Amino acid sequence: MSGTPPTPASPADSGDAAAPKSFRTPIGTHDLAPPESGRWVALLGAFIAAADRAGFGYLQTPIFEDIGVFARIGEGTDVVGKEMYEFLDRSDRHLALRPECTASVCRAFAQHRPATPWKVWYQGPFFRYEAPQAGRYRQFHQIGAETLGTDDPDADVEIIALAAEFFGAIGLQRVPLLVNSMGDADTRAAYGEALSSYLQRRADDVDPKDRDKIERHPLRILDSKREATAAVAAEAPRITDYLTQATAAHFERVREGLNALGVSHEVDHKLVRGLDYYTRTTFEFRAASLDTAQDTVCGGGRYNGLVEALGGPPTPGIGFALGIERLLLACDAEGVFDIPAQRAEVWVIDTAGGAAARDLTHELRSVGIRADRAFDDRSMRAQMRAADRSGAEVALIVGTDEVDAAAVTVRPLRRPDGGDAGMPQQTVPRAELLGTLQRIFDELNAEGGT
RNA sequence: CGGGUCGUAGCUCAGUUGGUUAGAGCGCCAGUUUGUGGCACUGGAGGCCGGGGGUUCGAAUCCCCUCGAUCCGCCCA
């Protein structure tokens with residue numbers, strides 16, 4: 001990662017002996033370096049495969065947008081209220097770093113008017129100005145998928161199944177799915193009244209720290225973690241009792257579909273989600289293996305009014321976002337989806353000046369072999385150590401003898417049985433090198449690949 | 001933004017009631033006779049003890065401030 005510290009600038013160059021200022025990543029941000037970064041690449045690969053099979057195409061939207069795009073997420077939410085990275089550019093345009101992607105996807109839809117259904121997935125960094133803690137960062141990363149242009153409950157099922165499929169692909173087991181329905185505007189209004197009057201009646205039983213929410217954001221009372229509040233919430237009216245016939249039927253069909261696909265789930269009447277735009281289906285996957293404060297690994301729902309609110313045609317939509325950092329935390333907790341080993345297949349050792357290492361690695365790579373080498377003309381011993389640590393199957397040794405004979409010494413480093421005691425080496429003419437390597441790999445695959 | 005815990009080598013950590021040149025393990029580099037890895041041994045590089053101020057003859061150690069990390073509230077992926 002960090003290399004050798006640079007030698008201090010000589011007074012002659014700098015004219016000043018003061019140590020240069022050093023920097024680190026801003027609060028709540030992180031570098032992602034090998035080997036850990038290999039996990040992200042693999043994770044993305046697994047998602048891409050699942051999304052591709054389900055007919056979702058990749059959508060990339062800007063990392064910053066006109067701040068108005070995000071205002072529709074919810075006036076009362078912290079996400080737009082106080083957590084946005086907003087700024088004026090040099091021409092006084094009021095912009096913001098994106099805190100999430102659904103609004104951007106809807107903006108893109110309104111801007112381009114693609115044919116429907118529009119099925120897209122996205123991936124990338126998002127930004128929220130919050131104090132970091134376990135599973136919550138100022139720059140975090142999400143993968144998500146959205147289907148716009150259809151209100152068909154089977155689209156909801158497809159979206160949820162995609163997330164479930166992905167969890168399965170990376171080996172996550174303990175991520176129970178919770179679903180609920182927020183109904184439509186009418187049910188939300190009717191339910192809002194019922195909930196408010198109930199909460200006002202029980203205000204004294206609500207934890208004092210939650211009381212202000214009764215006025216400000218009554219829905220959020222429902223998912224409070226405080227014991228007293230949770231007790232009140234448990235007896236609160238349920239939104240599913242206020243669903244219109246159409247939304248109730250929609251919800252029923254979604255559940256039926258999940259059952260049909262074997263996606264186990266549970267209805268959670270207290271699942272309200274934080275963002276204002278949700279209508280009808282809402283859902284969350286929570287990591288049961290995590291005992292951190294943030295255990296929602298994937299959240300989503302339907303947002304039938306959002307495209308219109310962003311100046312587009314009335315267009316229904318459903319989607320989810322999943323937090324990569326949290327997902328990886330959950331993988332750690334379950335002990336699944338390890339960091340993939342990145343290893344060379346062949347390591348070239350050159351004690352005759354380096355030209356052979358330069359040329360051979362290039363030649364091997366061009367025929368598809370993962371080949372690597374040491375630099376700086378190190379001793380043979382050092383190069384052998386590097387070869388061993390690289391995990392390579394085979395070392396190719398080129399010293400002065402080999403150069404004179406136009407040959408290469410092929411030195412296997414692993415045994416098919418997994419041991420590493422070494423096998424007899426052989427010196428072959430350079431012209432026969434690829435064939436010899438092929439035989440060795442075949443042998444290893446045949447005997448070792450049980 | 002409020003609260004808890006914590007900052008000593010690249011990493012994980014020792015460092016006794018304040019007392020001389022701040023240590024270990026791992027990692028890294030080099031060697032242990034001829035051109036050969038893992039194991040073992042030897043040596044080496046690498047620390048403004050997070051930063052600033054204070055108390056003291058003397059501070060990694062005590063006090064204050066600050067910055068950062070981490071966790072919780074809150075919020076959310």
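Numbered from 1 within each chain, the chains take letters A, B, ... in sequence-line order. As the structure is a computational prediction, the values presented were derived from the model and not from experiment.
- Both distances falling under 3.5 Å, in either a Watson-Crick or a G-U wobble arrangement, occur for no nucleotide opposite G37(B).
- Spacing between C49(B) and G35(B) at atom C1', rounded to whole Å, works out to 46 Å.
- Base-pair partner of C6(B): G68(B) (Watson-Crick or G-U wobble, both distances under 3.5 Å).
- Checked by distance alone, Q425(A) brings a side-chain donor or acceptor within 3.5 Å of a matching partner on the base of U36(B).
- For C1(B), the base has no donor-acceptor partner in the side chain of E83(A) [N/O atoms by modelled type, under 3.5 angstrom].
- The CD-C1' distance, from Q383(A) to G35(B), rounds to 11 Å in whole Å.
- Ring pair Y58(A)/W121(A) is tilted by interplanar angle, where 30° to 60° counts as tilted.
- When both distances must be under 3.5 Å, the Watson-Crick or G-U wobble mate of C49(B) does not exist.
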T102(A) and E146(A): side chain to side chain donor-acceptor pair (under 3.5 Å), yes or no, with the steps? CA-CA 8 Å; T102(A) 301; E146(A) 314 276 350; 3.1 Å; yes
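- In this structure, F127(A) atom CZ and C76(B) atom P are separated by 19 Å, rounded to whole Å.
- Relative orientation of the F285(A) and F167(A) rings is perpendicular, given thresholds of 30° and 60° on the angle between their planes.
- Spacing between atom CZ of R326(A) and atom P of A77(B) amounts to 8 Å, rounded to whole angstrom units.
- By the 4.5 Å heavy-atom criterion applied to side chains, D388(A) and R414(A) are counted as neighbours.
- Residue R385(A) has its side chain nearest to G37(B) when only U70(B), C74(B), G37(B) are considered.
- Distance check on atom P: C28(B) versus C39(B) gives 10 Å, rounded to whole Å.
- A donor N or O paired with an acceptor N or O is not found under 3.5 Å between the base of G37(B) and the side-chain atoms of R389(A).
- Between the P atoms of A30(B) and U66(B), the separation comes to 47 Å (whole Å).
- Nucleotide G18(B) has no partner under the Watson-Crick or G-U criteria, as no pair reaches both atom distances under 3.5 Å.
- Below the 3.5 angstrom threshold, one finds a donor paired with an acceptor across the side chain of E402(A) and the base of G35(B).
- Across all strands shown, C28(B) is found opposite G44(B) as a Watson-Crick or G-U wobble partner, with both distances under 3.5 Å.
- Checked against C74(B), A30(B), G73(B), the side chain of K213(A) finds its nearest nucleotide in C74(B).
- With contacts defined as side-chain heavy-atom distances shorter than 4.5 Å, the pair V69(A)/F64(A) does not qualify.
- When both distances must be under 3.5 Å, the Watson-Crick or G-U wobble mate of G23(B) is C13(B).
- Between L97(A) and I63(A) there is a side-chain heavy-atom pair separated by less than 4.5 Å.
- The aromatic rings of F140(A) and F126(A) sit tilted, their planes meeting at an angle between 30° and 60°.
- In the interface, the side chain of R220(A) is not paired with the base of C74(B) through any donor and acceptor atom under 3.5 Å apart.
- Atom CZ of F23(A) and atom C1' of G50(B) are 16 Å apart (whole Å).
- Rounded to whole Å, the distance from CD1 on I349(A) to P on U36(B) is 11 Å.
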Just the table, please: protein N/O against nucleotides 65-68 of chain B N/O, every pair under 3.5 Å.
none

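- Separating the CE atom of M84(A) from the C1' atom of C75(B) is a distance of 14 Å, rounded to the nearest angstrom.
- Following rounding to the nearest Å, M380(A) (CE) and U33(B) (P) show an atom-to-atom distance of 16 Å.
- Across the strands present, C1(B) finds its partner in G73(B); the criterion is a Watson-Crick or G-U wobble pair with both atom distances under 3.5 angstrom.
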Given the rule in the side-chain contact (heavy atoms from CB on, under 4.5 Å) test, do V346(A) and F441(A) qualify, once you have shown the distances and angles that lead to the verdict? CA-CA 10 Å; V346(A) 174; F441(A) 288 141; 3.7 Å; yes
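- G58(B) makes up no base pair with any nucleotide shown, lacking Watson-Crick or G-U wobble contacts both under 3.5 Å.
- Here the shortest heavy-atom pairing between S181(A) and I239(A) reads O-CG2, 3.1 Å.
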Collect all protein-nucleotide pairs involving nucleotides 41-45 of chain B in which both atoms are nitrogen or oxygen and the distance is under 3.5 Å.
none

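- No hydrogens or angles were tested; on distance alone, a donor-acceptor pair under 3.5 Å links the side chain of R136(A) to the base of C75(B).
- Separating the NZ atom of K225(A) from the P atom of C74(B) is a distance of 6 Å, rounded to the nearest angstrom.
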